[in-house]
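Each remark here refers to the structure printed beneath this line.
Fair warning: this is a prediction, and the values are worked out from it, not measured in the lab. Just the heavy atoms: all of them, side chains too, but no hydrogens, waters or symmetry mates, feed the values below.
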Amino acid sequence: MSAEQIPEPRQRGKGRRRRPRSRRRKGLLVAAWTTAGIVVLGGTGVGYLYLKLNGNLRSVDIEQALGTDRPAKADNGSENILVLGSDTRAGGNGKLGGGTDDGTARSDTAMVVHVHQGHKKASVVSVPRDTLIDRPECTDTGGRTHDAASGVMFNSAYSTGGAACAVKTVESMSGLRMDHYLEVDFSGFQKLVDELGGVEITTTRDISDPDSHLDLEAGTHRLDGEQALGLVRTRHGVGDGSDLGRIQLQQAFVKALVDQVEDVGVLGNPKKLVDLADTATKTVTTDSDLGSVNKLMSFASGLKGITPAHMNMVTMPVRYDPADANRVLVEETKAQQVWTALKNDRPIPKAATEGTAAGGAKGVVGAP
């Protein structure tokens, strides 16, 4: 396991947010969701294809590591899925966005996907990576116990103890049991967008960010994989230069992606379908309950009725840390309103996210 990511020293003052150094960020997402939908299509084959796809999948057994001290399972027919974007800084990821392979693993994108009873709508809560939290003691899937820590960045949970510690931290913060875990690989995301034929979006202003290799004029664009990756990882191309602005871009891109994935024409193109399914199953890591093509197919089938119009995407309520302009703190009262609503399978009240730190990038990206 990689060493814990240590936050930078806290500095006083509310000055302009510093321009962050170039880092490889993977985007997103609920592309795990989109990926799962493609697996449903690709899983219609049998024999060699099935064995190939099944062999591509990676899974982690988080249940044993998490133990029994967890929130109770919901009894209202809803489900909660923790979706992480991961960047191992190794292999194919090392070629994207610069930097070195230092052997570490990071998760800079986290979304709690709440699928409401009946599986016709979903609420998605993005958790900013820069949120300072109290991380609980956790055990990783290798059996190693990691001590609790106070005032650390949210994404240190993953870099410290992997999937199990990330799930443990989210459950501790939210009081919600995560029924499933899905992890999307950085380089695999880029390949998936390319094989889908790109994703069309409209920008309301120019976006220029040399660090993420992105240069878009205001208007409509069909993004290839590299451009899509640049869009979902830029943080100072638009907005206030924070992770919150990047989250707003990610949420808009996810909706555009989900909206268009049904129109890529794979049903009439067997080769394209197989290529998509092959890439999709190589892109995700799941919990052991979803660790086969059959199980992932069944899970994804239950999500097919959820369209972008029935997805409410918000950011966990936070405020800027007055001691460090590059960190955020949980707005406890408002955040509790979000988690309580999901626990009771109700829509997230608008009041829960009003007046909180936002990022300044809302409306910059939308569907064409």
Side-chain angles (χ1 to χ4, degrees), residues 4-21 23 25 71 82-85 106-112 114 123-138 146-161 165-176 178 235-236 238-251 313-343 348-362:
E4 174 180 333
Q5 180 178 334
I6 301 175
E8 300 169 6
R10 295 165 66 131
Q11 303 173 355
R12 291 282 167 187
K14 298 182 181 180
R16 182 177 178 83
R17 304 174 76 80
R18 63 175 170 79
R19 178 184 177 91
R21 54 188 181 180
R23 272 169 99 127
R25 311 266 190 211
L82 176 60
V83 180
L84 294 184
R106 296 177 175 86
S107 174
D108 295 338
T109 300
M111 295 180 175
V112 175
H114 177 83
S123 296
V124 182
V125 182
S126 295
V127 181
R129 63 178 290 277
D130 294 335
T131 308
L132 296 181
I133 60 155
D134 292 335
R135 192 183 68 233
E137 179 184 280
C138 60
H146 302 271
D147 292 338
S150 299
V152 296
M153 285 171 60
F154 168 76
N155 71 338
S156 73
Y158 182 87
S159 61
T160 297
C165 282
V167 172
K168 185 75 171 182
T169 300
V170 170
E171 291 188 341
S172 175
M173 292 170 58
S174 66
L176 300 173
M178 296 297 108
R235 62 184 292 168
H236 53 266
V238 294
D240 64 3
S242 72
D243 187 49
L244 301 178
R246 181 173 59 189
I247 285 173
Q248 290 177 317
L249 295 180
Q250 290 173 354
Q251 291 173 344
M313 305 188 76
V314 303
T315 300
M316 182 181 71
V318 294
R319 56 186 172 88
Y320 295 120
D321 181 3
D324 186 344
N326 299 291
R327 301 288 179 262
V328 294
L329 305 173
V330 180
E331 284 277 20
E332 296 290 351
T333 300
K334 288 179 175 288
Q336 191 56 52
Q337 292 177 31
V338 172
W339 305 130
T340 298
L342 299 188
K343 185 174 184 178
I348 296 171
K350 290 184 178 181
T353 55
E354 290 177 344
T356 57
K362 186 175 182 179

Q. Shortest non-hydrogen contact from Gly175 to Pro71?
A. O-CB, 3.4 Å
Q: Verify, without hydrogens or angle tests, whether Lys334 (side chain) and Ala351 (backbone) share a donor-acceptor contact under 3.5 angstrom.
A: yes
Q | Smallest separation among heavy atoms of Tyr320 and Ala358, with atom names | A | OH-N, 4.5 Å
Q) With distance as the sole test, does Asp134 use its side chain to make a donor-acceptor pair with the main-chain N or O of Gly151 at under 3.5 Å? A) yes
**Q.** Heavy-atom check, side chain of Ser174 versus side chain of Val112, under 4.5 Å
**A.** no
Q. Regarding Gln251 and Ser126, is there a side-chain donor-to-acceptor distance under 3.5 Å anywhere?
A. yes
**Q.** Reported CE-to-CD1 distance for the pair Met173 and Ile133, which is rounded to 0.5 angstrom
**A.** 5.5 Å
Q: Verify, without hydrogens or angle tests, whether Glu331 (side chain) and Arg319 (backbone) share a donor-acceptor contact under 3.5 angstrom.
A: no
**Q.** For Arg135 against Ser156, the heavy-atom pair lying closest together
**A.** NH1-OG, 3.0 Å
Q. Does some side-chain heavy atom of Thr160 sit less than 4.5 Å from a side-chain heavy atom of Val152?
A. no
**Q.** Nearest atoms (heavy-atom pairs only) where Val125 meets Met316
**A.** CG1-N, 3.8 Å
Q. Do you know the tightest heavy-atom contact between Lys362 and Gln248?
A. N-OE1, 3.1 Å
Q) Hey, does Lys168 have a side-chain heavy atom less than 4.5 Å from the side chain of His146? A) no
Q. Only one of Thr356, Asp321, Thr315, Leu244 clears side chain to side chain contact (heavy atoms under 4.5 Å, CB included) with Val328; which?
A. Leu244
**Q.** Taking every non-hydrogen atom, the tightest pair across Ala166 and Ala157
**A.** CA-CB, 4.1 Å
Q.
Measuring only between side-chain heavy atoms, which start at C-beta, is Arg246 closer than 4.5 Å to Asp243?
A. yes
Q: Taking the side chain as every heavy atom from C-beta outward, state whether Asn326 and Asp130 have any atom pair closer than 4.5 Å.
A: no
**Q.** Val170 vs Phe154 side-chain heavy atoms within contact, under 4.5 Å
**A.** yes
Q) Just wondering, do Val330 and Thr131 contact through their side chains at under 4.5 Å, heavy atoms? A) yes
(Q) One pair to check against side chain to side chain contact (heavy atoms under 4.5 Å, CB included): Met313 and Gln250. What are the steps and the verdict? (A) CA-CA 10 Å; Met313 305 188 76; Gln250 290 173 354; over 6 Å; no
**Q.** Within-4.5 Å side-chain heavy-atom neighbours: Pro128 and Ile247
**A.** yes
Q.
To the nearest 0.5 Å, what is the distance between NE2 on His114 and CG on Leu176?
A. 8.0 Å
